[in-house]
Amino acid sequence: MFNTLQQNFCSPLTLAFGLGIVAKLIRSDLALPRDAYSTLSIYLLLALGLKGGVELSHAALSEVWAPALATLALGVITPLTSYAVLRKFGRFDAADAAGIAAHYGSVSAVTFIAAQQFALSQGMPAEGYMSTLLTLLESPGIHIALLIGALQSSRDRLAVDAPAPRPTAEVVHEILASRSMVLLVGGLVIGYLTGPTGYEPVKPFFEGLFKGVLTIFLLEMGVMAAARLGDLRAVGVFLIGFGILMPIFHGALAVMLGHAVGMSVGGSAVLGAMAASASYIAAPPAVRMTLPQANPTYYLTASLAITFPFNLLAGIPLYFAFARWLGSGG
Amino acid sequence: MFNTLQQNFCSPLTLAFGLGIVAKLIRSDLALPRDAYSTLSIYLLLALGLKGGVELSHAALSEVWAPALATLALGVITPLTSYAVLRKFGRFDAADAAGIAAHYGSVSAVTFIAAQQFALSQGMPAEGYMSTLLTLLESPGIHIALLIGALQSSRDRLAVDAPAPRPTAEVVHEILASRSMVLLVGGLVIGYLTGPTGYEPVKPFFEGLFKGVLTIFLLEMGVMAAARLGDLRAVGVFLIGFGILMPIFHGALAVMLGHAVGMSVGGSAVLGAMAASASYIAAPPAVRMTLPQANPTYYLTASLAITFPFNLLAGIPLYFAFARWLGSGG
Amino acid sequence: MFNTLQQNFCSPLTLAFGLGIVAKLIRSDLALPRDAYSTLSIYLLLALGLKGGVELSHAALSEVWAPALATLALGVITPLTSYAVLRKFGRFDAADAAGIAAHYGSVSAVTFIAAQQFALSQGMPAEGYMSTLLTLLESPGIHIALLIGALQSSRDRLAVDAPAPRPTAEVVHEILASRSMVLLVGGLVIGYLTGPTGYEPVKPFFEGLFKGVLTIFLLEMGVMAAARLGDLRAVGVFLIGFGILMPIFHGALAVMLGHAVGMSVGGSAVLGAMAASASYIAAPPAVRMTLPQANPTYYLTASLAITFPFNLLAGIPLYFAFARWLGSGG
Amino acid sequence: MHTTVLSLLTIIAEAVLKERLIAELMQAGATGYTVWDVEGDGSRRLRSGDAPGENIRLETITSFEVADKLLEKLAHNYFPHYAMIAYTSDVHVVRGDKYV
Amino acid sequence: MHTTVLSLLTIIAEAVLKERLIAELMQAGATGYTVWDVEGDGSRRLRSGDAPGENIRLETITSFEVADKLLEKLAHNYFPHYAMIAYTSDVHVVRGDKYV
Amino acid sequence: MHTTVLSLLTIIAEAVLKERLIAELMQAGATGYTVWDVEGDGSRRLRSGDAPGENIRLETITSFEVADKLLEKLAHNYFPHYAMIAYTSDVHVVRGDKYV
Ligand SMILES: Nc1ncnc2c1ncn2[C@@H]1O[C@H](COP(=O)(O)O)[C@@H](O)[C@H]1O
Ligand SMILES: Nc1ncnc2c1ncn2[C@@H]1O[C@H](COP(=O)(O)O)[C@@H](O)[C@H]1O
Ligand SMILES: Nc1ncnc2c1ncn2[C@@H]1O[C@H](COP(=O)(O)O)[C@@H](O)[C@H]1O
Ligand code: NA
Ligand code: NA
Ligand code: NA
């Protein structure tokens, strides 16, 4: 375990994230231009989808349905547990609790990728259909949490001077037609249709450069996470604990579920990382638009400055170790 | 033929274009940042030029002159046929007809690239000097059409309150010094001077990534084409037919010309695609500046939302099939 | 020598720089978007640091200290010689002389990279620790020159209506925490920690694409240099001579120093190019902020439009030839 | 040159509101708008979305009545929850009849 | 602080016109300008160039006479054919003599 | 809609000054600012930094006193050395008490 952790710390990916944090802390002007950030994320998501699609073209449907159901179950459970814990133990009001729960009910694509790379580097790659699961986990949690938030807020009369509520159809559309969803699902379909032969000529671009691009991307994520570190005091000790313990709980749950439905060690570990991760791309605008009473400082700081680094540095090796332990007969 | 079409549909390039269209139709926020689009197009054009230049350094001048003359002939013929058809059968006024003709008299670099890749994938690559032909075809058609437009418009007294006409020298300069011209010609010269040895160290970048970058580029082209689909109704049935039949006519003509001057099957097919294609980068600003009376909805929609997708999906395989048929003795 | 020069002229790097110049001179609209320029420079600097760090992990500390001291000495000498020459022979006032000296006391990363690539292409690569030296040479010269400028300007009473002087700590921080410093040093540390095994998966990105990206970058540098050519008349004949002769002097000095401390031919040549080069990224904002009385036209034109092209085209082969001559026993 | 005095309404707000605010303008009777990305800071220090710190600046030239109606609506529906400022000034517009 | 009242002329137009409009300003006697990219929509819904929907916003601070002359010219030469709006407002400028 | 008349101070300056000018605004008592990148040209033709020709446009809505104090300071400390213009205009602000 210790060895694995050390290996994880010394990968260029983790170190680039650390460099981004350091850069921000010493108030460097280092920052990826906003448009470059968008472009790299388009690349990463499309590459992810393509690769998944090509591998899916080998997979039997019969392999996929049980993990898919497990993933959907996680999409329902994780926002509920998050909401309950935040309300009950954290004493957050309904809007804030729902806003945070929406983030922990969804998923971070970069955490997913990092987990996949980690499993690969341990010689136990995850299944080819994992990107399909990623798309399944992205949106349900957000909708469930927003629904709770809307219901509770109106009951609590918090929403007295709130703008007219947005039609649900609009929120659903926004997430399903969001950039990341379109790229992931679109990439899956393209990869599936072209198969390995069609994929060959674009492989040097989409696969050969993947880790390098991810290194640059994580550098910027480090800068962004560090920009929120100053808010750690504002969010308080409870949310810091939540941002570490909730992922461990969700991660462990998901690893067990993955194991139960017959996934490999690598697959269960990656599923664990997915469930443990908190969204910082899809969830924030959806929550801001629909639940403006929720304080963005809470959900952004928890998701980006606590849970993301925790998973990257320690969570992923942890879920992997647990999956391996389970896989070796517990 | 059917087999070829299907293969074309299932290439990542075509599918990425389709994904872009779908993304726009479901009102996704997916879009390549404007600066990324410019940067990728700089890459593609320079890579195109470089590759062409390196290959040109093997070619004998005696091989090139006949195809070059054929290309220049196409640069004169295609705007004239376009203009005549639009005036006579489409009943467009002089400015609109000239504006559209300028687009069909010029060339789309992405269509050219896609045709080149297609010929390659069919095992019948085009000649090394094709990018030279591309630069020859880019500008004459625009100038001819703009000239007709200016003459006719002033005769028709359409231009009563037009701004003072722009000096021709300015228009010529604009196109010859345009980004795409400089990159293509500059790349040709650089590639020619460095030759294969100098090209070697930059080859992984300019050649290894080419198809992948093109995939991302076509994704964005899909988004842009789809953004114009709403204007299809506005442009009317005639222009839709024009946007499909005119390319077939120009493409067939060019394939025959290519065959006649001794080009290979691949080369004639690519020449066909070039003549069939309509510009959407060089022509629009030139027309907008010089013939502001021409309605941009007509020329942009025809070129980007009709002819470009038609060529990408069906035109290129068609010109190729025709070239192969001619090549095999007709 | 002549052969080497010709080889240098015909590399894609030099030719791309030339193309950028031509593009600007014919008033083309070719320009890399500003954000793409930043992104590529992030890539180049990080790649530089990483590579250096990986190689440093093989190097013995005992090898590095003497070259490091030599580099620091150059960081002190070059701004002083520059200042003295500009004051004494150029009759520049204190602020202008200090402003220019700050640029020649620092270093141009692109010149460094081009020199490294050149040494490699000559089969005599520089030492692995060169990027460490680059970071050592970046800032001292700027600080020394700015200090002289501040002291002299206030003595000359030039600064009567100057804004309150900026605290030195602020200027130091700005340079040490600057983007290029963070990326270089950060890259070095990351490369050192990951070592060759960790570097392997990101190598296709950071090493395979390096020369290609540099080609595009030099294209833009050509555009930027050419944009300053119009100011050549304004800066006068003295500064033009200074921009060529001062680098030759500094380059020769550094090659001798490098040779004296036991560096290889390639290493001494690259050290020569570093000392000879003038900064156009770190120095300009530092000088503008701290010595606003210094005319930017002088330092930007000298550094970007004279010294940079000179080094790229002729200086680097020159320093290399000198280093080889010294290395072969003088 | 004959010009008409109209109201130039400027809104600076969180980028996440872009589409919604444009829709509000058009609904209220504005005939056009101009918008671009800006950075800024104010009393809320609130940011959201994947590009933190990003705001938009949205302008419309419109009649004094429409501008006033819009200010009213913004103050009531958006100011309590979102980082946003809004102000108007008078401008002299060529062919002003196009905008009312 | 002593300031001078001058005219701030704002033009929002298709990006393709950038160089031409800057040349018009300078020719008419403006001493400087500031320009940036914006998005927008209005009565024409016209767009052109390789970056659809792109406009520029061009501003110059100048004397009332120059501003008026420019409005006149724009209204006559450009308004009939291009997507464009133009308006002026009064601003208080430090060291206003620099701009006339 | 009830509005307050306040001063809108606009500064266009070399990009290198961004952080420093924002600090000056806040120090002088402004409660917020909005800033974006622009291009431009004027009497100095001075440019610096790695992105030549780049300027910023910085705006703050503030009381007339603060605006005047700032103009004074800019004219004295920055105008002699940097490419820069500054001007004010009056705007009608919703919830104007937030800004003073
Ligand atoms: N006094 C001000 N002057 C100019 N812009 C401001 C001012 N106050 C706020 N802003 C802008 O409005 C946005 C939201 O402000 P607030 O709601 O006060 O946080 C800020 O991010 C700034 O871009
Ligand atoms: N009422 C308006 N308010 C603000 N900007 C406008 C308005 N009308 C038009 N514009 C801008 O001016 C451009 C051209 O307008 P138009 O000529 O009406 O199509 C639009 O794309 C907008 O950026
Ligand atoms: N008359 C003007 N109108 C609009 N902007 C101007 C004007 N003069 C100068 N500027 C802007 O202010 C910057 C600095 O001006 P200057 O100090 O005159 O060189 C220029 O780069 C322009 O962006
Ligand atoms: Na989750
Ligand atoms: Na054509
Ligand atoms: Na130097």
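A quick note: this is a predicted structure, and the numbers were derived from the prediction, not measured. Note: hydrogens, waters and symmetry copies are ignored here, and every other heavy atom, side chains too, is used.
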Open item on the list: Suppose a student defines contact as a heavy atom less than 4.5 Å from any heavy atom of chain F. Which residues in residues 86-94 of chain E would they list?
Closed with: Asp90(E), Val91(E), His92(E), Val93(E), Val94(E)
- [ ] Could you tell me which non-hydrogen atom of Met1(E) sits nearest to which non-hydrogen atom of Ala75(F), and how far apart they are?
- [x] CE-CB, 3.5 Å
- [ ] Tell me, for Ile61(E) versus chain F, whether the close heavy atoms (under 4.5 Å) come from the side chain, the backbone, both or neither.
- [x] side chain
Task: Atom group of Ile85(F) that falls short of 4.5 Å from chain E, counting heavy atoms - done: both
Open item on the list: Within this structure, what is the OG1-CG distance for the pair Thr31(E) and Asp41(F), rounded to the nearest 0.5 Å?
Closed with: 10.0 Å
Open item on the list: Taking side chain as everything from C-beta outward and backbone as N, CA, C, O, which of these in Thr3(E) sits under 4.5 Å from a heavy atom of chain F? Side chain, backbone, both or neither.
Closed with: side chain
TODO: Return the minimal non-hydrogen interatomic distance between Met84(F) and Tyr99(E), and the atom names on each side.
DONE: O-OH, 4.3 Å
Task: salt bridge (Lys or Arg N to Asp or Glu O under 4.0 Å) pairs, two or more places apart, involving residues 62-79 of chain E - done: Glu24(E)-Lys73(E)
Task: Toward chain F, the part of Leu8(E) with a non-hydrogen atom under 4.5 Å - done: side chain
TODO: Would you name the heavy atoms of Glu39(F) and Lys18(E) that are closest together and state the gap between them?
DONE: OE2-NZ, 3.1 Å
Open item on the list: Can you tell me which portion of Leu71(F) sits under 4.5 Å from chain E's heavy atoms? Options are side chain, backbone, both or neither.
Closed with: both
